[in-house]
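The block underneath contains the structure these notes are about, expressed in structure tokens.
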There are 2 protein chains.
Amino acid sequence: MAIKSISSDNNSVMEVLLRNFERLTPTERKPARILLDNYPMEGLVTIAQFAKKAKVSGPTVLRLVAKLGFARYPEFQNKLRQELQARLETPVQKTPKQAKKSVRSHDFIAEFSDTVCQNIKKSFKNIPVSEINSVTQSLGNTQQAVYLIGGRYTFVMAEHFYLHLHAIRPNVSHIDRQSSTWADHLLDIKKNDLVIVFDIRRYQDDIVSFASKALKMGAKIILFTDQWLSPIASIAHHVFTLQTKAPSNWDSSTAIMTLIDLILAKLTKDLWLEVKDRLDAREENFQSF
Amino acid sequence: MAIKSISSDNNSVMEVLLRNFERLTPTERKPARILLDNYPMEGLVTIAQFAKKAKVSGPTVLRLVAKLGFARYPEFQNKLRQELQARLETPVQKTPKQAKKSVRSHDFIAEFSDTVCQNIKKSFKNIPVSEINSVTQSLGNTQQAVYLIGGRYTFVMAEHFYLHLHAIRPNVSHIDRQSSTWADHLLDIKKNDLVIVFDIRRYQDDIVSFASKALKMGAKIILFTDQWLSPIASIAHHVFTLQTKAPSNWDSSTAIMTLIDLILAKLTKDLWLEVKDRLDAREENFQSF
DNA sequence: GGTAGATTGTAATGAATATTACAATCTATG
DNA sequence: CATAGATTGTAATATTCATTACAATCTACC
């Protein structure tokens with residue numbers, strides 16, 4: 001008669017073990033207890049070591065593993081490793097007593113990443129959920145054209161947003177750096193179109209002026225700026241204030257980037273049905289080149 | 001001559017690895033990176049599996065392990081298991097992981113920023129300080145020209161880096177999207193020039209090919225990639241592995257961005273005297289327009 | 001351009017491992 | 001107490017593994 005395995009689903013090994021403990025034979029329970037006692041490390045050693053610790057024979061261990069639904073011992077180990085990995089990833093890794101002998105470079109790196117993370121956390125805490133929802137909803141309406149524009153350094157953010165947004169929906173434009181072309185773009189802007197502006201210090205006059213002209217054309221202005229607020233804030237319909245400080249001579253755009261990614265994520269989720277088709281079609285086009 | 005082991009004390013394997021990363025040979029660094037990326041699970045598989053994942057030979061893995069102070073592979077694994085066990089015992093066991101009932105907007109925002117921050121922290125923890133120092137030093141040498149190139153989405157990262165790097169030092173070029181111009185750029189590349197490549201999945205053939213051609217021209221390749229490693233990793237002189245996962249259909253480039261900003265910050269600090277003059281002159285030029 | 005030293009992979013070897021077949025032992029029931 | 005069926009261990013086997021020796025390749029320096 002074939003050995004009937006206890007479970008074939010993908011619960012954790014521990015659950016399966018506990019739930020079916022009474023179906024194990026007395027000797028099989030010994031290694032089972034050892035494993036539970038020291039879960040899951042004990043399962044990551046060789047059969048011989050495991051068997052010795054539990055004071056049973058190798059084949060008994062193997063029969064236990066078989067009853068847990070694994071045809072081979074290495075399979076069982078892979079499952080355990082997999083679980084362990086998942087478990088290690090979730091919590092904030094312990095950053096323990098790392099002696100102070102660590103070099104300055106180490107401190108600098110840690111300080112830098114801490115500051116950036118604080119920026120993100122603090123920025124997000126201050127953003128009203130309603131603003132995000134509202135902007136996301138507007139972006140989901142493909143009737144309204146979207147124009148993205150940024151300053152000397154932030155035009156990169158605009159471009160990043162543009163690339164992804166354009167993958168998601170049509171009717172999106174990135175207004176390039178040369179302000180000589182801006183007049184043309186302004187002509188195209190219709191009422192209720194969305195103009196997304198990135199402006200952090202030092203605020204650029206030309207961007208401010210573009211925004212106010214777009215406003216006159218009836219556009220809705222969405223502003224991404226820093227904690228000192230671009231002058232555009234006073235005319236914008238939606239303002240996102242992001243933290244930009246860093247232990248550096250340069251401001252950090254990381255929080256801005258994160259918000260862009262968040263909005264893209266939400267938008268993609270909300271419009272998944274439409275987006276999926278568009279992405280599929282896009283994929284096909286890529287293939288054919 | 002006997003192989004001198006790096007350490008025989010009882011620090012964690014990861015510490016030893018990070019502290020002595022620069023003493024490893026190029027090929028030995030590949031499995032080292034894999035291990036750091038997925039610490040310590042990757043060290044618990046067989047040499048063959050480990051070697052395959054890192055795309056090196058078994059003996060190379062063995063030599064790495066030897067340099068870390070272990071005479072035999074199983075010894076190394078025992079140490080890892082031991083560390084892992086200690087780590088699992090201390091904290092409160094479960095991180096129940098918020099049942100996935102309706103994810104409200106608030107939760108979504110928090111989850112998103114948490115993930116991004118974890119990406120940054122995890123990425124930075126795995127980057128050997130020596131790599132950052134070494135790259136920063138190279139970037140400080142204005143004799144070596146710097147070329148930046150990125151893929152479909154990551155060219156934005158290249159551009160961000162370019163903008164700031166160019167403010168700091170001369171002799172920097174951003175290679176644009178149109179691959180038709182790449183042949184010309186290749187002609188200019190001289191021995192010891194730096195080619196900084198951004199390549200995250202899905203990896204682009206044209207970027208890979210550009211990198212290998214640049215290598216033939218004698219350039220030093222610096223790669224920014226994700227946890228799955230671009231194929232360029234095998235020919236790059238320096239590889240930075242960043243975490244890109246996010247609760248989204250899109251990968252997150254935030255960790256990459258943060259590393260760029262960090263390198264820029266460090267570079268600016270290190271070369272402050274030269275940089276200051278350049279920035280002052282630049283400021284004057286802006287005023288006059 | 002050539003050569004010594006370092007680096008890396010290939011292939012062979014022996015050791016350790018998982019797995020199987022089967023015998024020994026135990027347990028329950030008539 | 002006898003015996004069938006379940007349980008467990010022993011020993012043999014085939015597989016996989018770590019390890020080593022050595023050849024090929026690369027790199028730096030003269």
Side-chain angles (χ1 to χ4, degrees), chain A residues 1-6 20-35 42-81, chain B residues 1-6 20-35 42-81 191-192 212 215-221 233-238:
Chain A
M1 167 190 152
I3 294 174
K4 172 114 177 293
S5 79
I6 283 175
N20 301 80
F21 201 80
E22 77 259 9
R23 288 173 61 183
L24 301 175
T25 67
T27 317
E28 283 164 3
R29 291 184 189 194
K30 292 189 203 170
R33 281 197 205 92
I34 296 282
L35 177 58
E42 211 53 55
L44 296 177
V45 302
T46 65
I47 290 184
Q49 290 175 272
F50 193 173
K52 187 180 173 191
K53 191 145 182 181
K55 290 173 186 160
V56 300
S57 71
T60 297
V61 170
L62 212 52
R63 280 186 286 260
L64 167 64
V65 167
K67 281 197 183 175
L68 294 176
F70 300 94
R72 326 202 76 85
Y73 191 68
E75 274 179 32
F76 164 71
Q77 291 189 315
N78 281 337
K79 183 74 197 304
L80 288 179
R81 266 193 293 267
Chain B
M1 165 189 156
I3 294 174
K4 173 117 174 292
S5 81
I6 282 173
N20 301 79
F21 199 83
E22 60 209 335
R23 289 172 59 184
L24 301 176
T25 67
T27 314
E28 283 164 3
R29 291 182 190 196
K30 293 189 204 170
R33 281 193 206 97
I34 296 282
L35 177 59
E42 210 53 56
L44 297 178
V45 301
T46 65
I47 289 184
Q49 290 176 273
F50 193 172
K52 187 180 173 193
K53 190 145 184 182
K55 291 172 186 162
V56 301
S57 68
T60 297
V61 170
L62 213 52
R63 280 186 285 259
L64 167 65
V65 168
K67 281 197 183 172
L68 294 177
F70 301 93
R72 327 203 75 85
Y73 191 69
E75 273 180 35
F76 164 71
Q77 291 189 315
N78 281 336
K79 183 73 198 302
L80 287 180
R81 265 193 294 266
K191 191 159 156 50
N192 285 329
S212 74
L215 181 72
K216 290 210 185 79
M217 304 294 288
K220 296 237 177 290
I221 312 287
S234 54
I235 61 166
H237 296 76
H238 297 284

Gap between atoms [atom1] and [atom2], on [X] and [N] respectively (whole Å):
| X | N | atom1 | atom2 | value |
| --- | --- | --- | --- | --- |
| Arg29(B) | dT7(C) | CZ | P | 11 Å |
| Glu75(B) | dA16(C) | CD | P | 13 Å |
| Glu28(A) | dA6(D) | CD | P | 14 Å |
| Leu64(A) | dT19(C) | CG | P | 13 Å |
| Leu215(B) | dC26(D) | CG | P | 11 Å |

Any pair counted as salt bridge (Lys or Arg N to Asp or Glu O under 4.0 Å), so long as it reaches residues 42-54 of chain B, sequence neighbours left out: Glu42(B)-Lys53(B)
Start with the C-alpha gap between Gln77(B) and Tyr73(B), add the side-chain angles, then the distance that decides, and say whether side-chain contact (heavy atoms from CB on, under 4.5 Å) holds. CA-CA 6 Å; Gln77(B) 291 189 315; Tyr73(B) 191 69; 3.3 Å; yes
Closer than 3.5 angstrom, by distance alone: can the side chain of Arg63(A) be matched with the main-chain N or O of Glu28(A) as a donor-acceptor pair? no
Quick one, Lys67(B) with Thr25(B), criterion side-chain contact (heavy atoms from CB on, under 4.5 Å). Give me CA distance, side-chain angles, the key distance, then yes/no. CA-CA 11 Å; Lys67(B) 281 197 183 172; Thr25(B) 67; 3.8 Å; yes
Are Thr46(B) and Phe50(B) packed together at the side-chain level, in the sense that at least one heavy-atom pair is separated by less than 4.5 angstrom? no
Looking at side-chain heavy atoms only, is the closest gap between Asn78(A) and Arg81(A) below 4.5 Å? yes
Distance-minimising heavy-atom pair for Val61(A) and Pro31(A): CG2-CB, 4.3 Å
Leu215(B) vs His237(B), test: side-chain contact (heavy atoms from CB on, under 4.5 Å). Steps then yes/no. CA-CA 10 Å; Leu215(B) 181 72; His237(B) 296 76; 3.5 Å; yes
Where protein sits on nucleotides 9-20 of chain D, one letter per nucleotide: B base, S sugar-phosphate only, - none, heavy atoms under 4.0 Å: BB------SSBB
Axis-to-axis angle between the two ends of the helix from dG1(C)-dC30(D) to dG30(C)-dC1(D) (five base pairs per end, rounded to 10 degrees): 20°
